[in-house]
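Just so you know, these numbers come straight off a predicted model, no measurement behind them. Counting starts at 1 for both ligands and their atoms, in listed order.
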Amino acid sequence: MTPWQSRFSPYASRVTPSAIFELTTMPRAPDTINLGPGEPDASMFPVGALTKVLSQTLQTSSVAQRALQYTVNAGYPQLRQKICDYMRTKGVACSVENILVTNGAQQALDLLTELFVRPSTKVVVQAPTYPGALGVFKADGAEVVSIDQHKKSPRDDIALIYATANFHNPTGTSLSLEERRELIALAHMSSTVLVEDDPYETISLDGTPSHSMLSLELHERSIEDAHTIYVSTFSKSAAPGLRVGWVVAPAVIIERLTLLKQSEDLQAGTLAQVAVAGAMDFIMQEHVPRLRDAYRARRDTMLSALIENFGNDVQWTQPAGGFFIWLSLPPEINTSVLLSRAALEGVTYVPGSAFSHDGSFSNALRLSYSSVGTPLISEGVRRLAAVVRGAE
Ligand SMILES: Cc1ncc(COP(=O)(O)O)c(C=O)c1O
């Protein structure tokens with residue numbers, strides 16, 4: 001240990017590197033097909049719409065000055081209003097006091113953890129789950145348990161429940177109405193919050209609009225009494241480099257989260273918020289339908305390639321949206337070990353254990369169809385199947 005390492009805070013020492021980042025640094029064949037990272041396709045970013053808004057903004061000096069100035073900590077007012085209007089179209093009756101704009105959904109998860117989680121309290125998650133959330137919960141010293149583990153030995157001190165109901169990362173699946181109701185009931189029974197992370201809600205591929213757990217809860221009570229706190233982002237519908245996400249919660253929670261955000265980074269970047277506010281109607285009405293068409297073709301290609309290349313000993317999910325398919329291989333195959341061979345054979349994925357709070361899912365893996373064109377998806381799955389056959 002170097003002298004500096006011994007001076008790092010306990011919090012900093014609990015922060016671990018992301019398995020997905022590590023993927024980018026491992027040795028690999030020169031023409032490797034990356035089915036690991038869950039990035040949107042950069043060639044589909046709404047560059048034209050953003051250019052139009054930004055050039056109009058920067059051309060007029062009074063408008064440019066506003067867009068380059070600090071703004072309200074809770075978010076650029078026009079964007080907060082637009083998000084509020086959008087949430088209303090999704091069955092969430094709320095006002096701007098219920099909205100906080102964040103630097104992506106990731107910051108929202110971090111702020112919510114800061115607000116609700118004390119060391120050694122329990123956070124209940126789906127298993128598998130999004131590693132970015134697991135990392136935040138663990139860094140804050142929470143004891144992370146799965147919903148099933150919690151059901152086997154229920155305890156009262158749940159600090160937070162974390163779940164994605166639509167097009168889950170990493171499985172691509174969605175919760176049934178019954179499962180959604182159960183999570184809302186658990187939040188009420190435990191007097192705690194249900195953090196609903198919904199970044200893929202726009203990427204519905206089979207024509208059925210996605211509904212949030214928050215909208216379901218609002219059938220019964222007002223936003224101010226809701227236990228579901230909603231988190232989403234423009235990272236998947238527009239571009240992750242904008243770093244614009246949002247939280248919908250009771251006003252008293254938004255107020256306190258805003259204070260936390262203020263002490264962390266004051267506000268999300270004004271210019272990015274101005275760009276999103278100006279392009280939002282185009283993004284939701286015209287851009288998202290195009291994304292759906294492209295991602296649907298990729299999902300279908302990946303599902304066909306899986307059928308073509310894998311036998312009955314491998315199972316996979318059938319996502320109705322989002323970016324991911326989750327594969328379960330025979331139990332003796334360790335996908336973390338297999339990954340370095342796969343990379344040398346020209347294909348990457350994310351090993352299942354990266355999505356686990358307790359090291360399980362060692363025989364599973366996540367494939368992403370979002371950032372690779374259809375011919376490469378077919379070839380990537382073919383390479384993966386050959387590597388898996390070699391390991392059996
Ligand atoms: C489930 C989930 N939550 C949050 C995030 C973070 O999103 P953002 O780019 O808005 O920080 C991601 C990104 O992949 C995600 O998959």
Side-chain angles (χ1 to χ4, degrees), residues 18-21 23-24 34-42 45 75 79 83 86 99-113 123 125-139 144 160-175 183 194-204 210 212-214 229-248 257 261 264-265 268-269 272-273 275-276 280 283 288 291 295 317 319 321-326 349-350 352 354-357 366-371:
S18 129
I20 295 169
F21 174 74
L23 255 186
T24 58
N34 291 316
L35 301 179
E39 295 169 351
D41 188 329
F45 289 155
L79 180 60
I83 292 172
Y86 176 68
I99 312 284
L100 169 68
V101 180
T102 56
N103 277 307
Q106 185 66 30
Q107 185 185 42
L109 300 179
D110 188 49
L111 294 173
L112 286 163
T113 305
V123 169
V125 300
Q126 290 159 305
T129 206
Y130 167 57
L134 288 178
V136 169
F137 302 144
K138 289 192 170 173
V144 182
L160 181 155
I161 304 161
Y162 169 75
T164 290
N166 299 309
F167 323 131
H168 179 256
N169 179 4
T171 63
T173 54
S174 298
L175 294 183
L183 286 176
L194 166 60
V195 174
E196 172 173 26
D197 191 7
D198 202 16
Y200 300 95
E201 61 100 6
T202 50
I203 315 296
S204 169
S210 56
S212 63
M213 291 189 284
L214 177 58
I229 296 181
Y230 182 87
V231 172
S232 194
T233 178
F234 292 97
S235 286
K236 316 298 171 180
S237 54
L242 293 162
R243 308 307 305 133
V244 181
W246 73 93
V247 183
V248 187
L257 281 176
K261 181 161 171 57
E264 199 166 295
D265 63 357
Q273 295 187 72
V276 172
M280 191 166 162
I283 290 167
V288 160
L291 293 181
Y295 290 136
T317 53
F323 287 179
F324 309 113
I325 297 179
W326 179 249
Y349 55 81
V350 184
F355 303 93
S356 170
H357 63 291
R366 185 192 79 179
L367 295 180
S368 166
Y369 46 80
S370 57
S371 60

>> Rounded to the nearest 0.5 Å, what separates atom CD in Glu201 from atom OG1 in Thr233?
In response: 10.5 Å

> Between the candidates Gly38, Ala108, Ala105, Pro37, which shows the shortest non-hydrogen contact distance to atom 8 (P) of ligand 1?
Replying inline: Ala105

>> Centre-to-centre under 6.0 Å for Tyr295 and Phe323, is that the case here?
In response: yes

> Got a second to check how far Leu183's CG is from Glu196's CD, nearest 0.5 Å?
Replying inline: 9.5 Å

> Parallel under 30°, tilted from 30 to 60°, perpendicular over 60°: which one fits the rings of Tyr230 and Trp246?
Replying inline: tilted

> Which of the numbered atoms in ligand 1 are below 4.0 angstrom from a heavy atom of Arg243?
Replying inline: 8 (P), 9 (O), 11 (O)

> Heavy-atom contacts under 4.0 Å between His168 and ligand 1: side chain, backbone, both, or neither?
Replying inline: neither

>> Measuring from atom CD1 of Ile83 to atom CE of Met280, what distance do you get when rounded to the nearest 0.5 angstrom?
In response: 6.0 Å

> Has ligand 1 got any nitrogen or oxygen that is less than 3.5 angstrom from a nitrogen or oxygen of Gly104?
Replying inline: no

> Under 3.5 Å between some N or O of ligand 1 and some N or O of Asp197?
Replying inline: yes

>> Suppose I only count heavy atoms of Lys236 and a 4.0 Å limit; which atoms of ligand 1 are within that range?
In response: 13 (C), 14 (O)

>> Counting only nitrogen or oxygen atoms and a 3.5 angstrom limit, does Thr233 reach ligand 1?
In response: yes

>> Under a 4.0 angstrom heavy-atom cut-off, which atoms of ligand 1 come close to Ser235?
In response: 8 (P), 9 (O), 10 (O)

> Looking at ligand 1, does any of its N/O atoms fall within less than 3.5 Å of an N/O of Tyr200?
Replying inline: yes

> Under the side chain to side chain contact (heavy atoms under 4.5 Å, CB included) criterion, do Leu175 and Gln126 qualify, and how do the steps go?
Replying inline: CA-CA 10 Å; Leu175 294 183; Gln126 290 159 305; 3.6 Å; yes

> Measuring from Thr164:OG1 to Tyr200:OH, what's the distance to the nearest 0.5 Å?
Replying inline: 8.5 Å

>> Quick check on contacts: which atoms of ligand 1 are under 4.0 angstrom from a heavy atom of Pro199?
In response: 1 (C), 2 (C), 3 (N), 15 (C)

> Which protein non-hydrogen atom lies closest to atom 15 (C) of ligand 1, naming both residue and atom, and how far is it?
Replying inline: Tyr130 CE1, 3.5 Å

>> Heavy-atom pairs closer than 4.0 Å: do any link ligand 1 to the side chain of Phe234, the backbone, both, or neither?
In response: neither

>> Testing the 3.5 Å rule here: is there a donor-acceptor pair between the side chains of Glu39 and Asn34?
In response: no

